[in-house]
Amino acid sequence: MSTYPVGIGTKERPTPQGPTRVARKASRPTWYVPASIAEDHRKKGDILPAKVPPGPENPLGDYALYLSRSGYLIHGTNKPASIGLKASNGCMRLYPEHIEVLFRDTAVNTPVLIVNQPYLIGQRDGVLYMEAHTPLEDSGTSELARIHAKLKSFERASARTLDWDKINTVQTEARGIPVPILELRPGAEQEASSPLRIEHPAALYGRPELPALKLDAWYVLVGDMRDEIEARRTAAIINHQGPPIPARVLSKDSSYRIVAGPFSDGGKARDAAKRLKIDLDIDGIVIEPGRTI
């Protein structure tokens, strides 16, 4: 079994739940812009073409699985910062390296079941586990009642008393990983809690290399923030737009300034400022060459 983080639909256009299947697959897909999305962008002053060919501007990325539910896909993305967020128009986005594996390993007509299960329980090697994620706004109460009913049923069937304080802690922390909540046989929990060795990649996928600052270039001032972590988070999101917009954090007095660029001309700087407004609702200020950033 493999598990991948995904980006899902917004509150206004949620990802539909229920059974479907993989109807077809496409490598380097062309994106045919739906009328509803084109209209949304038109209202923002962003006129989209009827179709977007493969390449860095294509929001489907390099691989797409088209579902039998018309208009919905499992696909890559040119905006990896959106993974883990409710940011799509209903499709499910994966990181580029993950969709490549899923595309290769998934056959046409493979059944797909889209579920919303923020709370999971399961047994392995004599230990009962619980996994909790932050629920969507409209599902938390019902899903929590469902999982509590299962746990109470387990208590009755096994004649074991669960540690409900620990269960509530797992639910509240919502760490998204399985946590042992009951030892079903002596010594099992100690075995289960043995540390696992995790290897991190030598380089982060898609991490953009920032070009050097230049005095004769154009820039976009994104903003000033008091919190360094928040400033770096914002710069990282901008860097992982599709295509990337180079952005960095500069320390200035007691604040942290986020600057996008350099850009070779004013047109490219203004285009970047427009994308920041449309995609992230950021009002950037274009800075001409020679001005202090």
Side-chain angles (χ1 to χ4, degrees), residues 1-22 65 67-69 72-74 81-95 98-99 102 105-106 110-198 229 233:
M1 183 182 72
S2 298
T3 302
Y4 303 118
V6 298
I8 60 173
T10 62
K11 184 177 181 180
E12 294 73 23
R13 290 180 177 159
T15 300
Q17 298 179 46
T20 181
R21 63 180 176 83
V22 176
L65 304 173
L67 302 179
S68 57
R69 187 176 294 224
Y72 295 97
L73 294 73
I74 302 172
S82 68
I83 302 302
L85 303 178
K86 292 180 287 184
S88 79
N89 288 287
C91 292
M92 288 167 283
R93 303 173 177 175
L94 276 72
Y95 283 120
H98 291 161
I99 189 63
L102 189 65
D105 294 344
T106 304
T110 295
V112 176
L113 179 61
I114 303 173
V115 299
N116 170 25
Q117 294 180 335
Y119 307 111
L120 303 170
I121 55 174
Q123 299 182 43
R124 182 175 179 180
D125 297 333
V127 176
L128 181 67
Y129 292 87
M130 180 176 176
E131 179 178 327
H133 301 257
T134 302
L136 301 178
E137 292 90 342
D138 58 352
S139 65
T141 303
S142 60
E143 285 296 309
L144 190 58
R146 180 186 64 83
I147 206 70
H148 277 192
K150 283 192 173 183
L151 289 169
K152 289 180 183 299
S153 177
F154 178 87
E155 272 191 326
R156 291 192 297 269
S158 64
R160 301 287 298 275
T161 301
L162 295 172
D163 185 344
W164 287 94
D165 287 338
K166 185 171 186 178
I167 290 170
N168 290 333
T169 298
V170 174
Q171 172 224 326
T172 302
E173 291 180 346
R175 295 165 59 193
I177 59 173
V179 178
I181 59 172
L182 181 66
E183 183 182 60
L184 301 176
R185 62 174 175 80
E189 187 165 352
Q190 184 175 358
E191 296 172 16
S193 62
S194 299
L196 299 176
R197 180 171 180 172
I198 300 176
I229 294 177
R233 186 187 74 86

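One finds the CG atom of Leu128 at 5.5 Å from the CG atom of Leu182 (value rounded to the nearest 0.5 Å). Separation of atoms CD1 (Ile167) and CD1 (Ile181) is listed at 4.5 Å; rounding is to 0.5 Å. Note: Asn168 CG to Glu173 CD = 11.5 Å, rounded to the nearest 0.5 Å. Distance check: Leu73 CG to Ser88 OG gives 10.0 Å after rounding to the nearest 0.5 Å. One finds the OH atom of Tyr95 at 6.0 Å from the CD1 atom of Ile83 (value rounded to the nearest 0.5 Å).
For the pair Met92 and Leu67, the minimum side-chain heavy-atom distance is below 4.5 Å. Val112 is not listed as a side-chain neighbour of Leu65, based on a closest heavy-atom distance of 4.5 Å or more. Looking at Trp164 and His148, their side chains come closer than 4.5 Å, going by heavy atoms from C-beta outward. Two residues are said to be in side-chain contact when any heavy atoms from C-beta on lie closer than 4.5 Å; Met130 and Ile121 meet this criterion.
Scored by the salt bridge (Lys or Arg N to Asp or Glu O under 4.0 Å) test, Arg175 finds no partners at all (sequence neighbours excluded). Listed by chain and residue number, nothing satisfies the ring pair (Phe, Tyr, Trp, His ring centres under 6.0 Å) test with His133 (two or more places apart in sequence, or in another chain). Qualifying salt bridge (Lys or Arg N to Asp or Glu O under 4.0 Å) partners for Arg146, counting only residues two or more places apart in sequence or in other chains: Glu143. For Arg21, there are no salt bridge (Lys or Arg N to Asp or Glu O under 4.0 Å) partners at least two apart in sequence or on another chain. Listed by chain and number, the residues in a side chain to side chain contact (heavy atoms under 4.5 Å, CB included) with Asp165 are Asp163 (sequence neighbours excluded). Partners of Arg69 under the side chain to side chain donor-acceptor pair (under 3.5 Å) rule, at least two apart in sequence or in another chain, do not exist in this structure. Applying the side chain to side chain contact (heavy atoms under 4.5 Å, CB included) test to Ala87 and every residue at least two apart in sequence or in another chain returns Ser82, Leu85, Arg93. Take Lys86 and apply the side chain to side chain donor-acceptor pair (under 3.5 Å) test, not counting sequence neighbours, and it matches Glu137. In terms of the salt bridge (Lys or Arg N to Asp or Glu O under 4.0 Å) criterion, Lys150 has no residue partners (sequence neighbours excluded). Taking the side chain to side chain contact (heavy atoms under 4.5 Å, CB included) definition, one finds that Ile229 meets it with Asp227, sequence neighbours left out. Every residue meeting the side chain to side chain contact (heavy atoms under 4.5 Å, CB included) condition with Ser158, not counting sequence neighbours, appears here in chain and number order: Phe154, Arg160.
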Review item, side-chain donor-acceptor pairs of residues 5-15, under 3.5 Å, at least two apart:
residue	atom	partner	partner atom	Å
Thr10	OG1	Glu12	N	3.4
Thr10	OG1	Arg13	N	3.0
Arg13	NH1	Asp40	OD2	2.8
Arg13	NH1	Asn89	OD1	2.8
Arg13	NH2	Asp40	OD2	2.9
Thr15	OG1	Gly9	N	2.8
Thr15	OG1	Gly90	O	3.0

Can you list the steps and then say if Thr106 with Ile74 is a side chain to side chain contact (heavy atoms under 4.5 Å, CB included)?
CA-CA 11 Å; Thr106 304; Ile74 302 172; over 6 Å; no
